[in-house]
Amino acid sequence: MTDTSQEARVDPAPQPTSADATVSALIARSNALGSDPRITNYAGGNTSAKGTDTDPVTGEPVELLWVKGSGGDLGTLTPAGLAVLRLDRVRALRGVYAGVEHEDDMVAAFDHCLFGRGGAAPSIDTAMHALVGAAHVDHLHPDAGIAIATAADGPALTERIFGAKVVWVPWRRPGFQLGLDIAAIQQQHPEAIGTILGGHGITAWGDTGEQAEANSRWIIDTAEAYIAQHGTDQPFGPPRAGFGALPTDQRRARAAALAPTIRGIAGHDKPVVGHFTDSDVVLDFLASEKAPQLAALGTSCPDHFLRTKVKPLLLDLPTTASVEDQIARLHELHQQYREDYQAYYERHATPESPAIRGADPLVVLVPGVGMFSYGKDAQTARVAGEFYGNAVNVMRGAESLSTYAPIDEAEKFRIEYWALEEAKLQRMPAPKQLATRIALVTGAASGIGKAIAKRLAAEGAAVVIADLDLQKAQDAAAEIGGPDQAIGVAANVTSADDIARAVQETLLHFGGLDLVVNNAGLSLSKSLLETTEQDWDLQHDVMAKGSFLVSKAAAKVLIEQGLGGDIVYISSKNSVFAGPNNIAYSATKADQAHQVRLLAAELGEHGIRVNGINPDGVVRGSGIFASGWGANRAKTYGIDEQDLGAFYAQRTILKREVVPENVANAVYAICTSDFSHTTGLHVPVDAGVAAAFLR
């Protein structure tokens, strides 16, 4: 008889351990601290907890350190983002530490301290958490804390504001020695709950996670209260005449007018995505007397200038200057910025330094208008802007109480071109084909347009979905992802004003435009005698006139950027094939097809490629077919509407039905670097219709 007891047994669920509780509490604390922008910036700072777990090899308890790993974000941290190390082994590294000249070697040594698979890669700040003799440690970058840390008399302010509870630590590059320094301070000052790290941020600790978090918050709250009570009313000096904020509509129109030029400046060496901010924090700073000298000093916190570069480019013209004068001056300042940055690199680079990473600004400030920030994708660009906003708050706090005095240029270079930072960049996955490209797709809330938008986004593009129905456009964008990936805008392509607004929203949200897909369309299947003048005008207005208006508005941006670009028309097999009962639709598609050739010839000198896609028989998921065209075409061919897709497939050479994703694939392909030398082409996506072969 067979024993079935093993089959029937159900293993009990694993019971939570003390290590599980430690990790859960650390994640909760990290998320609470990281979700507040006044406490720390995105991906900045780190938290840790010490505790015990069972060594699976010996069965004995082992003391561990859980600490936020390299590159993670406190606000969204999960257990997978923690590095897990044996505490005894990290502390034993004191015996092999050879001094600050060998800091980089210590990060590699952390790999030999990992417990099991170790989780995330340990960060440079791991030593700070391991060596401090407290169970829980927070290292944060609050604006108020950095304001004290970058004040010229930071040590005296620290003592005055916090007494013996917080100790000043002179600037030291993050690393093992900084961990030793803070550990020594904690031992020498048992009454202390934390430190102000010169030029950098704060560190706090506690015997419990709750105590560490409370101590962190007390340092931040106390610094904020002191600045508010004792700071000057005009830390940036009086306002500059002519540099105040323009009215909202005017400044956003000016921002859109300048955006193509500024993106071309920021993307001179390598392509970037942009973000625009016109917050009061930025506008008030740019209107002040001290803005030029403070902007020239740059940021201080290492996390800040790794995202914002050593300093921004600041336009030095008042708001009364014309757009043309501002553009001309921006080009002059860009050349000066590049020369200055090259000189900065050459002053400090050694034979071991990584190669220069481009000499263009990542933050461009326009008084009265706002701030443009840039990065490898929309999130990075947005975060760069947030970081510079943090830097402005830091300057305000420091200037309120003292004088803003960031770390010196040589130290900034050592951080910016740190070998460890370069190694982190080299570990990043290769960018997708359409990374840094910004796409505007019309009629993209459904059908072919939606499939195109989804494919472009999947390949790395930032996408703007334009449609008559704003809600549907926004819903389609939400399906793709958050606003760092896609947004929805309302646009009637027959209206030049609507198109201008859609392009402006694109420029203000993503900083530029690279790829336009003229997809918006409709069709009325009628014979010549049944087609009314209104039918004819409607189809030509939407597809022929609409494509013309969109291409015209887009081409202006693409030319001003000077970065090339793509314009793609979703035409049709009917642009070359004559069939019954669709005269208005087919004539309009022929118009679109010839626009491709005309614009390819005209825009090629600007590096702008213009190509077309000729689909046929896209029934499933098609907005046109769902709106009555399918029923009419089925009637024309004497079949049931539900059989239309199969009917179209059987008349093709490949006997395959065409779906929206097939069209999206063709759009993606024609916009990649594989087709960098192709323009004026029409790509059939019809499964093979011999009568529509191009000749």
Side-chain angles (χ1 to χ4, degrees), residues 19 22-23 26-27 29-31 33-34 40 42-53 55 62-141 172-183 197 200-201 203 205 209 212 302-303 306 414-415 418-429:
T22 300
V23 169
L26 174 58
I27 294 298
R29 176 171 116 235
S30 303
N31 294 164
L33 292 170
T40 200
Y42 176 83
N46 29 66
T47 51
S48 69
K50 301 178 182 76
T52 59
D53 202 357
D55 188 325
V62 58
E63 194 172 6
L64 301 178
L65 170 73
W66 290 270
V67 58
K68 192 202 84 170
S70 177
D73 171 54
L74 286 176
T76 56
L77 188 66
T78 65
L82 295 172
V84 189
L85 304 96
R86 287 188 53 141
L87 194 56
D88 59 342
R89 292 182 67 82
V90 180
R91 288 176 170 169
L93 291 176
R94 281 180 278 202
V96 298
Y97 177 56
V100 292
E101 298 82 6
H102 301 274
E103 285 286 4
D104 295 359
D105 298 335
M106 301 308 292
V107 175
F110 291 147
D111 290 342
H112 299 282
C113 304
L114 297 174
F115 179 70
R117 299 194 178 190
S123 78
I124 189 65
D125 289 317
T126 297
M128 178 192 305
H129 294 267
L131 303 181
V132 169
H136 301 267
V137 179
D138 298 332
H139 167 56
L140 304 168
H141 300 149
R172 187 181 291 282
R173 188 168 57 133
F176 203 85
Q177 185 60 55
L178 181 58
L180 291 171
D181 293 346
I182 297 175
L197 307 180
H200 188 165
T203 296
W205 49 79
D303 275 36
L306 283 173
R414 291 178 66 196
I415 295 290
W418 200 350
L420 293 175
E421 182 65 25
E422 181 68 15
K424 185 190 299 185
L425 293 174
Q426 295 301 322
R427 287 195 303 268
M428 297 181 70

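Side chains included, hydrogens not; waters and symmetry mates left out as well; all remaining heavy atoms used.
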Looking at every heavy atom in both [X] and [Y], which two are closest together, and how far apart are they?
X	Y	result
Gly45	Thr40	N-OG1, 4.0 Å
Ala134	Trp205	CB-CB, 3.7 Å
Ala130	Val90	CB-CG1, 3.4 Å
His200	Pro174	CE1-CG, 3.6 Å

Inset, instruction - Under the side-chain contact (heavy atoms from CB on, under 4.5 Å) rule, what do Phe115 and Leu65 come out as? Steps first, then yes or no, please. - result: CA-CA 9 Å; Phe115 179 70; Leu65 170 73; over 6 Å; no
Legend entry - Reported NE2-to-OH distance for the pair His141 and Tyr42, which is rounded to 0.5 angstrom: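 Going from NE2 on His141 over to OH on Tyr42, the span is 15.0 Å.
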Inset, instruction - Please round to the nearest 0.5 Å and tell me the distance separating atom SG of Cys113 and atom CZ of Arg91. - result: 12.0 Å
With sequence neighbours left out, write down each residue that passes side chain to side chain donor-acceptor pair (under 3.5 Å) with [X], or none if nothing qualifies.
X	result
Arg172	Asp181
Thr203	His139
Arg414	Glu411
Thr76	Asp73

Under a 4.5 Å cut-off applied to non-hydrogen side-chain atoms, are [X] and [Y] in contact?
X	Y	answer
Ile182	Leu131	no
Pro122	Val67	no
Val23	Val84	no
Arg173	Leu178	no
Leu64	Arg86	yes
Ser48	Met128	no

Legend entry - Contacts of type side chain to side chain contact (heavy atoms under 4.5 Å, CB included), residue Ser30, not counting sequence neighbours: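 Counting only residues at least two positions away or on another chain, Ser30 forms a side chain to side chain contact (heavy atoms under 4.5 Å, CB included) with Leu26, Thr47, Leu74, Leu77.
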Inset, instruction - Output all residues satisfying side chain to side chain contact (heavy atoms under 4.5 Å, CB included) with Ala120, sequence neighbours left out; order by chain, then residue number. - result: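 Here no residue qualifies.
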Inset, instruction - Mind jotting down which residue pairs meet the side-chain hydrogen bond (donor to acceptor under 3.5 Å, both in side chains) criterion with at least one end in residues 110-128? Sequence neighbours excluded, please. - result: Asn46-Asp125
Legend entry - Those residues that, when tested against Arg29, pass salt bridge (Lys or Arg N to Asp or Glu O under 4.0 Å) (two or more places apart):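 Listed in chain order: Asp138.
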Inset, instruction - With sequence neighbours left out, write down each residue that passes salt bridge (Lys or Arg N to Asp or Glu O under 4.0 Å) with Asp104, or none if nothing qualifies. - result: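 None.
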Inset, instruction - Sequence neighbours left out, what pairs pass ring pair (Phe, Tyr, Trp, His ring centres under 6.0 Å) with at least one residue falling in residues 67-103? - result: Tyr97-Phe176
Inset, instruction - With sequence neighbours excluded, give me every ring pair (Phe, Tyr, Trp, His ring centres under 6.0 Å) pair touching residues 67-90. - result: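 Every candidate ring pair (Phe, Tyr, Trp, His ring centres under 6.0 Å) pair involving residues 67-90 fails, so no pair, neighbours aside, qualifies.
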Inset, instruction - Go through the steps to decide whether Val96 and Asp105 satisfy the test side-chain contact (heavy atoms from CB on, under 4.5 Å), and finish with yes or no. - result: CA-CA 10 Å; Val96 298; Asp105 298 335; over 6 Å; no
Legend entry - Sidechain-backbone polar pair: Glu103 side chain, Gln177 backbone, donor-acceptor under 3.5 Å: yes
Legend entry - Partner residues of His129 under the ring-ring contact (aromatic ring centres under 6.0 Å, His included) criterion, sequence neighbours left out: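 For His129, no residue satisfies ring-ring contact (aromatic ring centres under 6.0 Å, His included) once neighbours in sequence are set aside.
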